[in-house]
S.K.: 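A single structure is presented below for examination.
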Amino acid sequence: MPSVPISEALKRVQPSATLAVTNKAREMRAAGHDVIGLGAGEPDFDTPDNIKDAAIEAIRRGETKYTNTDGIIELKRAIAQKFRRENDLEYGNEQISVSPGGKAVIWNAFLATLNPGDEAIVPAPYWVSYPEMARLAGGKPVIVSAGIEAGFKIKPEQLEKAITKKTRWVVINSPSNPTGAAYTRDELKALGDVLAKAPHVWVMTDDMYEHIVYDNFTFASLAAACPDIYERTLTINGVSKAYSMTGWRIGYAGGPADLIKAMGKALSQTTSNAASISQWAAVEALTGPQDFIPERAAIFQERRDLVVNGLNDADGLACLKPEGAFYAFPDCSSALGKKAPNGDVLEDDIEFCAALLDIEKVAAVPGAAFGAPGHFRVSYATSTEVLTEALARIKRFCAALK
């Protein structure tokens, strides 16, 4: 049987580590193992009933046909209102794009703008898909690292040093997946001052976790904090995290009309429109009651405190307190080089997570997947009971290392 002719573009790309961990946990559960999965990046809360009802009504009205490629006008208007209401950003309908998920928004932007050799600056730790999508689109990711000592946030001088004549994009994700780190308005302004001096550079700001912030942190969108670069900023968001609509697959963005048009052209020849029913559900999500969002964020904050305290109590782990999202990103470097009860010597974070899954049946994602070796990511988007048991297992695992 002939081998599959895999493209050179795809050979440059690594598979999603987060999906791999989630799938492995599912396989082990199916085989009868008591696995706790802390790898998934989705809220455990259900989609609110008013949003479900809006989807059902859309079906009954017959809203089941193809739509405009980059979104129905009703959803674009709702997105424009959301940007105005919550982010102090003005976008016309022609400046808004809707795609089947936030990942598709990023991909369409890269596909529409990157040429071979173009660079995309990606701060690390990063969401696993940013550099891979840049590579797949023919670009070159340039990784700028910010460690635990910097709160996992890059400094203006780092950004300035990384910018070259080939730089096309800078990606900013705040609050961050995987660390939960969030940039203050002043920190964004400092980065914006650097970008203002580089008019050939565009900015992709991923605000997906904006509503999941803690300790009275005030979220700011980069385009609002840095109006001088508004015309070069693509502001990305979606309904998956705040509204517990991961499976509905709706992402959106606001940006310059010419860029949005180019993204629409890419969209028209790939997935075409997001599901019509999901779009109508998203209209209700953005225009309907919003009071449940801070209530759920408060629950996430309680879980964050439980998880961060528990991880810091484990031998060899050190964990910062995230400002947002629903991830903790502990440093496990002090535990590396030790021998696990199964006899494995844990040379790196990948082996650490593999042994943790093998011995204690807890699934976490190695930090190497996020460009930060020596760490691992824990999602606390699950119940307090599950998290308490997971922490007990992690502590037991760490205590048993010799």
Side-chain angles (χ1 to χ4, degrees), residues 41-45 82-89 102 123-127 146-156 159 170-193 203-227 233 235-244 286 290-312 318-331 370 372 375 377-382 384 387:
E42 62 179 346
D44 57 317
F45 302 114
K82 177 262 185 262
F83 277 132
R84 188 178 307 114
R85 177 182 73 238
E86 298 179 352
N87 306 115
D88 196 25
L89 290 171
Y126 47 69
W127 179 47
I148 192 169
E149 71 287 346
F152 299 122
K153 294 183 280 189
I154 64 168
K155 304 297 184 184
L159 176 59
V170 173
V171 180
I172 300 294
N173 175 210
S174 174
S176 160
N177 175 4
T179 67
Y183 290 88
T184 65
R185 178 176 288 269
D186 286 344
E187 288 170 334
L188 290 174
K189 286 180 178 178
L191 297 177
D193 288 343
V203 189
M204 181 182 292
T205 174
D206 184 345
D207 297 351
M208 196 66 71
Y209 295 90
E210 69 165 314
H211 288 299
I212 307 174
V213 292
Y214 313 123
D215 303 322
N216 298 314
F217 182 91
T218 301
F219 173 82
S221 190
L222 188 141
C226 310
T233 301
T235 304
I236 299 172
N237 213 315
V239 297
S240 59
K241 312 302 181 181
Y243 300 94
S244 298
L286 295 175
Q290 308 289 306
D291 54 329
F292 67 92
I293 294 177
E295 293 172 0
R296 292 183 176 184
I299 295 172
F300 277 131
Q301 180 169 324
E302 292 175 0
R303 295 175 180 177
R304 177 206 63 174
D305 293 343
L306 172 71
V307 169
V308 170
N309 291 336
L311 291 170
N312 281 322
C319 187
L320 290 184
K321 183 178 286 188
E323 290 98 348
F326 39 69
Y327 309 105
F329 200 62
D331 183 332
F370 306 100
H375 297 75
R377 192 191 76 173
V378 168
S379 169
Y380 48 87
T382 189
T384 298
L387 292 172

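In this chain, residues are counted from 1 in sequence order.
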S.K.: Regarding Glu86 and His211, is there a side-chain donor-to-acceptor distance under 3.5 Å anywhere?
M.R.: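 Present: a donor and an acceptor within the cut-off.
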S.K.: Search all heavy atoms of Pro322 against all heavy atoms of Tyr214 and return the closest pair with its distance.
M.R.: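 Smallest heavy-atom distance, with atoms named: O-CD1, 3.7 Å.
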S.K.: Do Ile293 and Tyr243 pass the side-chain contact (heavy atoms from CB on, under 4.5 Å) test, and can you show the C-alpha distance, the side-chain angles, and the key distance before you say yes or no?
M.R.: CA-CA 7 Å; Ile293 294 177; Tyr243 300 94; 3.7 Å; yes
S.K.: If you take all heavy atoms of Ala297 and Val213, which pair is closest and at what distance?
M.R.: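 Of all heavy-atom pairs spanning Ala297 and Val213, the closest is CB-O, 4.4 Å.
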S.K.: Determine yes or no for a side-chain-to-main-chain donor-acceptor pair under 3.5 angstrom, with Tyr380 supplying the side chain and Glu302 the backbone.
M.R.: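 No; judged by distance alone, with no hydrogens or angles, the pair does not exist.
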S.K.: Could I get the full list of ring-ring contact (aromatic ring centres under 6.0 Å, His included) partners for Phe45, not counting sequence neighbours?
M.R.: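 ring-ring contact (aromatic ring centres under 6.0 Å, His included) check on Phe45 returns Phe300.
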S.K.: Using the side-chain hydrogen bond (donor to acceptor under 3.5 Å, both in side chains) criterion, which residues pair with Arg84? Sequence neighbours excluded.
M.R.: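 With sequence neighbours excluded, Arg84 shows a side-chain hydrogen bond (donor to acceptor under 3.5 Å, both in side chains) to Glu90, given in chain and number order.
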S.K.: Please confirm whether the backbone N or O of Ser221 pairs with a side-chain atom of Asn87, one donor and one acceptor, at under 3.5 Å?
M.R.: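 Flag not set: sc Asn87 to bb Ser221 has no pair under 3.5 Å.
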S.K.: If you measure from SG on Cys226 to CG on Asp193, what distance do you get to the nearest 0.5 Å?
M.R.: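 It is 7.0 Å, given to the nearest 0.5 Å.
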S.K.: For Asp215, is there any backbone N or O sitting under 3.5 Å from a side-chain donor or acceptor partner on Gln301?
M.R.: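 Present.
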S.K.: In Å, rounded to the nearest 0.5 Å, how long is the span from CZ of Phe329 to CG of Asp331?
M.R.: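 Here the interatomic distance stands at 9.0 Å.
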S.K.: Quick check for you: to the nearest 0.5 Å, what is the distance between Leu320 atom CG and Leu311 atom CG?
M.R.: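 Those atoms lie 11.5 Å apart.
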S.K.: With sequence neighbours left out, what residues match Pro156 under side chain to side chain contact (heavy atoms under 4.5 Å, CB included)?
M.R.: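 If we apply the side chain to side chain contact (heavy atoms under 4.5 Å, CB included) test to Pro156, skipping adjacent residues, the hits are Ala190, Leu191, Val194.
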S.K.: Is Arg296 salt-bridged to Asp291, going by a charged N under 4.0 Å from an acidic O?
M.R.: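 Salt bridge: no.
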S.K.: Give a yes or no answer on whether the side chain of Arg303 reaches the backbone of Thr382 with a donor-acceptor pair at less than 3.5 Å.
M.R.: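 Side chain of Arg303 to backbone of Thr382, a donor-acceptor pair under 3.5 Å: yes, one is there.
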S.K.: For the aromatic rings, using the six-membered ring if either is Trp, is the centroid distance between Tyr209 and Tyr327 under 6.0 Å?
M.R.: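 Under 6.0 Å, so yes.
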S.K.: Can you name the nearest heavy-atom pair linking Leu188 to Ala220, along with the distance?
M.R.: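 Scanning both residues completely, I find the closest heavy atoms to be CD1-O, 3.3 Å.
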S.K.: Does the Thr179 side chain pair with the main chain of Ala181, one donor and one acceptor, at a distance under 3.5 Å?
M.R.: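 At least one qualifying donor-acceptor pair exists.
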S.K.: Kindly compute the distance separating CZ (Phe292) from OG (Ser244), expressed to the nearest 0.5 Å.
M.R.: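 These two atoms lie 7.0 Å from each other.
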S.K.: Test Thr205 against Asp207 for side-chain hydrogen bond (donor to acceptor under 3.5 Å, both in side chains), laying out the working first.
M.R.: CA-CA 6 Å; Thr205 174; Asp207 297 351; 2.9 Å; yes
S.K.: State, to 0.1 Å, how close Met208 and Ser240 come at their nearest heavy-atom pair, and which atoms those are.
M.R.: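 The answer is SD-OG, 3.7 Å.
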S.K.: Do side-chain atoms of Glu323 reach the backbone of Ala182 as a donor and acceptor pair under 3.5 angstrom?
M.R.: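 Indeed, once roles are kept as given, a pair shorter than 3.5 Å links the two residues.
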S.K.: Rounded at 0.5 Å granularity, tell me how far NZ in Lys189 sits from OG1 in Thr184.
M.R.: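 The OG1 atom of Thr184 is 9.5 Å from NZ of Lys189, to the nearest 0.5 Å.
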S.K.: Under 4.5 Å between any side-chain heavy atoms of Ile212 and Lys241, yes or no?
M.R.: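 Ile212 reaches Lys241 side chain to side chain.
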S.K.: With a 4.0 Å cut-off on N to O distance, would you call Glu210 and Lys82 a salt bridge?
M.R.: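 Judged by the 4.0 Å cut-off on N to carboxylate O distance, Glu210 and Lys82 do form a salt bridge.
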S.K.: Hey, does the side chain of Asn173 reach the backbone of Asn177 with a donor-acceptor pair shorter than 3.5 angstrom?
M.R.: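 Yes, Asn173 side chain to Asn177 backbone: donor-acceptor pair under 3.5 Å.
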S.K.: What I'd like to find out is whether the side chain of Ile172 reaches to under 4.5 Å of the side chain of Tyr183, using heavy atoms alone.
M.R.: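 They are in side-chain contact.
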S.K.: Once rounded to the nearest 0.5 Å, what's the spacing between atom OG1 of Thr233 and atom CG of Leu222?
M.R.: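 Reported to 0.5 Å precision, the distance equals 5.5 Å.
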S.K.: Would you name the heavy atoms of Glu42 and Phe326 that are closest together and state the gap between them?
M.R.: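 Nearest heavy atoms, Glu42 then Phe326: N-CE1, 3.9 Å.
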S.K.: If I compare all heavy atoms of Ser176 with all of Pro125, which pair ends up nearest, and what's the gap?
M.R.: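 The pair with the smallest heavy-atom distance is OG-O, 4.4 Å.
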